[in-house]
*Asks:* 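Got a structure for you, written out below as structure tokens; questions coming shortly.
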Amino acid sequence: MFDFNYYTPTKVVFGKNTETKVADLIKEFGGTKVLIHYGGGSVVRSGLLKRVTDSLDEAGISYVTLGGAVPNPHLSLVYEGIELCKKENVDFLLGVGGGSAIDSAKAIGYGVANEGDVWDFYDYKRQAKGCLPLGVILTIAATGSEMSDSSVITKEEGLVKRGYSSDYSRPKFAIMNPELTMTLPDYQTACGCTDIMMHTMERYFTQGGNMEITDALAEGLLRTVKKNAVILRDDPKNYDARAEVMWAGSLAHNGLTGCGNDGGDWMTHKLEHELGGLYDVAHGAGLAAVWGSWARYVYKDILPRFKKFAINVMDVKEEGTDEEIALKGIEAMEDFYRSINMPTNLRELGVTATEEDLVLMAKKCAIGVGGQMGSAKVLDEEAMLSIYRASM
Ligand code: NZQ
Ligand code: ZN
């Protein structure tokens, strides 16, 4: 077991109609002029944005709005948001939507609170010294950005997708009403479940330092999401399943399942970020498409964890060699992905990459991680290329 810091300052307000509390929460955290930042329009169509602006009007809180955060959110909109906040003297950000709107809001927050080019933080050139305070109304259970310290932005020039993490960007509050996720397309619900599980698995498949309580939480979380993802496939309006998955999404990425272990492997995420940057695929689907190839590449280096995962999460019988059990666990995970219509390779993801594309992605991925990275197994550029090739 390793020492750890656990810091989750976000006030979670969970349940039906909780979005009606937004004005009170903004006041509680000192907001007087708000930027409401959202995505491509689902919150307009659902009427959520109108309910939010009505609440703020009623409470006498002034605001400006900025929509247009796309999945794999763009740096250019972040720059626009920074300018708008400076011009309007915005002192509080409200992200309404999914990980993309929230991450874009976080980046805007860094840009307002720090001098210079905000991309520097995502380009590992310097560290942020603050971030504008941020609140969130979540509409998709997936990234955990509502409690996480991370944000992921894509620079259009060169299609570079990068993440930056600091505690400054952890939201002050997160409003989570599972009913708001009921308008999601089935594909996005499945992508979200995949991402949630992957945030836990990234921390689970690590070398050394594992802690029994953390493993138990992680395995319970994985079993819960696996079960409820199938319930939602068949019954998308099931409130309890929506609620289970939504809370799991926050717990999967607020640091809880990283306590006592080495913080995570994260290579499946890094491999996916190149796919997201280059082909603009949905994050969860991209993760599912590369995970099996990653797992087969690394499992021998971390066999006891894959065996434990197979038995405790994927219900594989404890029969045969450890290696056989581990491989059955990987196969069972891929069967699960297929059962919720997630891809298990790049072809199923709809990506037809040439050898040149794979080489480019491996190169960019290696640059993005500073040469090599991983905990289950340390991967260099050649290893990344092998995994991309295997996932074709
Ligand atoms: O843009 P709108 O119109 O809102 O539509 C979105 C989008 O098309 C739609 N949607 C969201 N809520 C909806 C809805 N449609 C109908 N009803 C609703 N209630 O769903 C689509 C996906 O939304 P998006 O915000 O892109 O999804 P997600 O939450 O999966 O975010 C993905 C982004 O987050 C990054 C990913 O890489 C990707 O860029 N990540 C952020 C992390 C973090 N900040 O901690 C960690 C993750 O690992 C991840 O990398
Ligand atoms: Zn993720």
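Being a predicted model, the structure only gives us computed values, none of them experimental. Reckoned from all heavy atoms, side chains included, excluding hydrogens, waters and symmetry mates. Numbering of ligands and ligand atoms starts at 1, following listing order. All residue numbers in this chain count up from 1 along the given sequence.
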*Asks:* Would you name the heavy atoms of F336 and K226 that are closest together and state the gap between them?
*Replies:*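 In terms of heavy atoms, the two residues are closest at CE1-O, 3.5 Å.
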
*Asks:* Does the N or O separation between G144 and ligand 1 drop below 3.5 Å for any pair?
*Replies:*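 Between G144 and ligand 1 (N or O atoms, distance only) the closest approach is not under 3.5 Å.
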
*Asks:* With a 4.0 Å cut-off, strictly under, does atom 23 (O) of ligand 1 pick up any protein heavy atom?
*Replies:*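 Looking at atom 23 (O) of ligand 1, one finds that no protein heavy atom lies closer than 4.0 Å.
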
*Asks:* Under a 4.0 angstrom heavy-atom cut-off, which atoms of ligand 1 come close to H273?
*Replies:*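 Ligand 1 atoms under the 4.0 Å threshold to H273: 37 (O), 50 (O).
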
*Asks:* Is M182 in contact with ligand 1, taking contact as a heavy-atom separation below 4.0 Å?
*Replies:*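 Heavy atoms of M182 never come under 4.0 Å of ligand 1.
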
*Asks:* With nothing but distance in play, are any N or O atoms of E272 less than 3.5 Å from an N or O of ligand 1?
*Replies:*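 No: no nitrogen or oxygen of E272 is under 3.5 Å from one in ligand 1.
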
*Asks:* What is the nearest protein non-hydrogen atom to atom 2 (P) of ligand 1, stated with its residue, atom name and distance?
*Replies:*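 Going by distance alone, atom 2 (P) of ligand 1 is nearest to G40 N, 3.3 Å.
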
*Asks:* Is there at least one pair of N or O atoms, one from P71 and one from ligand 1, spaced under 3.5 Å apart?
*Replies:*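 P71 vs ligand 1: no N/O contact under 3.5 Å.
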
*Asks:* Counting only heavy atoms on the protein side, is anything nearer than 4.0 Å to atom 42 (C) of ligand 1?
*Replies:*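 So far as the 4.0 Å threshold goes, atom 42 (C) of ligand 1 is in reach of a protein heavy atom.
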
*Asks:* Looking only at protein heavy atoms, which one is nearest to atom 40 (N) of ligand 1, and what is the separation?
*Replies:*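 Answer, as residue, atom name and distance: T143 CG2, 3.6 Å.
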
*Asks:* Taking the non-hydrogen atoms of D103, is any one of them nearer than 4.0 angstrom to ligand 1?
*Replies:*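 D103: in contact with ligand 1 (<4.0 Å).
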
*Asks:* Who gets closest to atom 25 (O) of ligand 1 by heavy atom: S100, G41, G284, P73?
*Replies:*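 Among S100, G41, G284, P73, the closest heavy atom to atom 25 (O) of ligand 1 belongs to S100.
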
*Asks:* Side-chain heavy atoms nearer than 4.5 Å, only ILVMFWY residues, links allowed to pass through others: does that put V43 and I26 together?
*Replies:*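 Cluster IDs for V43 and I26 match.
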
*Asks:* Can you tell whether the side chains of E28 and K11 come within less than 4.0 Å, N to carboxylate O?
*Replies:*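 Yes, charged N to carboxylate O under 4.0 Å.
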
*Asks:* Considering residues, nucleotides and ligands other than D3, do more than 12 of their heavy atoms fall under 6.0 Å from its CG?
*Replies:*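 It does not: D3 CG has 12 such atoms or fewer within range.
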
*Asks:* H269 and side chain to side chain contact (heavy atoms under 4.5 Å, CB included): which single residue from H273, M267, E272 fits?
*Replies:*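 Going through the options one by one, the only one that passes is H273.
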
*Asks:* Could D24 and K21 be called an ion pair, given the rule that one side-chain N must be under 4.0 Å from one carboxylate O?
*Replies:*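 A salt bridge is absent here (no side-chain N lies under 4.0 Å from a carboxylate O).
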
*Asks:* Taking the inter-plane angle between the rings of W266 and H199 on a 0 to 90° scale, is it parallel (under 30°), tilted (30 to 60°) or perpendicular (over 60°)?
*Replies:*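 Answer is tilted, since the angle falls between 30° and 60°.
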
*Asks:* Does a sphere of radius 6.0 Å around NZ in K172 hold more than 12 heavy atoms from other residues, nucleotides or ligands, not counting ones at 6.0 Å or beyond?
*Replies:*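 Atom NZ in K172 is not packed in, count stays at 12 or less.
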
*Asks:* Among all protein non-hydrogen atoms, which one is nearest to atom 49 (C) of ligand 1, and what is the separation to 0.1 Å?
*Replies:*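 Scanning the protein heavy atoms, the shortest distance from atom 49 (C) of ligand 1 goes to H283 NE2, 3.3 Å.
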
*Asks:* For ligand 1, which is the ligand I care about here, please tell me if T181 has any N or O atom under 3.5 Å from one of the ligand's N or O atoms.
*Replies:*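 For ligand 1, there is no N or O atom that lies under 3.5 Å from one belonging to T181.
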
*Asks:* For the 3.5 Å polar cut-off, considering only N or O atoms, please tell me whether A142 and ligand 1 meet it.
*Replies:*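 By distance alone, the answer is no.
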
*Asks:* What about G99: any of its N or O atoms under 3.5 Å from an N or O on ligand 1?
*Replies:*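 Yes.
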
*Asks:* Select the closest option to atom 12 (N) of ligand 1 among T139, V152, V96, judged by heavy-atom distance.
*Replies:*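 Shortest heavy-atom distance from atom 12 (N) of ligand 1: T139.
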
*Asks:* Under a 4.0 Å threshold between the charged nitrogen and the carboxylate oxygen, would D215 count as salt-bridged to R305?
*Replies:*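 Counted as a salt bridge, because a side-chain N and a carboxylate O are separated by less than 4.0 Å.
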
*Asks:* Would you check if there is a donor-acceptor pair between the side chains of D103 and S145 at a distance under 3.5 Å?
*Replies:*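 Per modelled atom types, S145 and D103 side chains form a pair under 3.5 Å.
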
*Asks:* Hey, which of V34, L35, V90 is the one that makes side chain to side chain contact (heavy atoms under 4.5 Å, CB included) with Y63?
*Replies:*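 Single pass found, and it is V34.
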
*Asks:* Heavy atom under 4.0 Å from ligand 1: found in L180's side chain, backbone, both, or neither?
*Replies:*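 Backbone only.
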
*Asks:* Just to verify, what does Y110 make a ring-ring contact (aromatic ring centres under 6.0 Å, His included) with, not counting sequence neighbours?
*Replies:*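 Expected list: F121, Y164.
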
*Asks:* Any non-hydrogen atom of M198 lying under 4.0 Å from ligand 1?
*Replies:*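 Under 4.0 Å: no for M198.
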
*Asks:* Can T20 and R51 be said to form a side-chain hydrogen bond (donor to acceptor under 3.5 Å, both in side chains), step by step?
*Replies:* CA-CA 8 Å; T20 57; R51 296 208 298 283; over 6 Å; no

*Asks:* Which residues and atoms, protein N, O or S only, are under 2.8 Å from the Zn ion (ligand 2)?
*Replies:*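 Listed by chain and number, the nearby protein N, O or S atoms are D195 OD1, H199 NE2, H269 NE2, H283 NE2.
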
*Asks:* With no hydrogens and no angle check, do the side chains of H37 and S104 hold a donor and an acceptor under 3.5 Å apart?
*Replies:*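 The answer is yes; a qualifying pair exists.
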
*Asks:* What do you reckon, is NZ of K33 surrounded by more than 12 foreign heavy atoms closer than 6.0 Å?
*Replies:*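 Yes, because the 6.0 Å sphere around NZ of K33 holds more than 12 heavy atoms from other groups.
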
*Asks:* Only heavy atoms count here, so choose which of D149, L184, N72 is nearest to atom 39 (O) of ligand 1.
*Replies:*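 Minimum heavy-atom distance to atom 39 (O) of ligand 1 goes to N72.
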
*Asks:* Among K307, K300, K328, K308, whose salt bridge (charged side-chain N to carboxylate O under 4.0 Å, His left out) with D322 holds?
*Replies:*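 The salt bridge (charged side-chain N to carboxylate O under 4.0 Å, His left out) with D322 is passed solely by K307 among K307, K300, K328, K308.
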
*Asks:* Could you work out, for atom 15 (N) of ligand 1, the closest of G39, S42, S148 by heavy-atom distance?
*Replies:*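 Closest candidate by heavy-atom distance is S42.
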
*Asks:* I need the nearest protein heavy-atom contact for atom 27 (O) of ligand 1: residue, atom name and distance, please.
*Replies:*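 Here the nearest protein heavy atom works out to I140 CD1, 4.0 Å.
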
*Asks:* Regarding S293 and R389, is there a side-chain donor-to-acceptor distance under 3.5 Å anywhere?
*Replies:*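 Short answer, no.
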
*Asks:* With a cut-off of 4.0 Å, which atoms of ligand 1 are near a heavy atom of S145?
*Replies:*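 Numbered from 1, ligand 1 contributes 43 (C), 44 (N), 45 (O).
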
*Asks:* Of the protein's non-hydrogen atoms, which lies at the shortest distance from atom 37 (O) of ligand 1, and what is that distance?
*Replies:*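 The closest one turns out to be K161 NZ, 2.8 Å.
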
*Asks:* Could you pull out the closest heavy-atom pair between A376 and D301, with the gap in Å?
*Replies:*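 A376 and D301 have their closest heavy atoms at O-CB, 3.6 Å.
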
*Asks:* Specify the protein heavy atom at minimum distance from atom 16 (C) of ligand 1: its residue, its atom name, and the distance to 0.1 Å.
*Replies:*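 The closest one turns out to be T183 O, 3.4 Å.
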
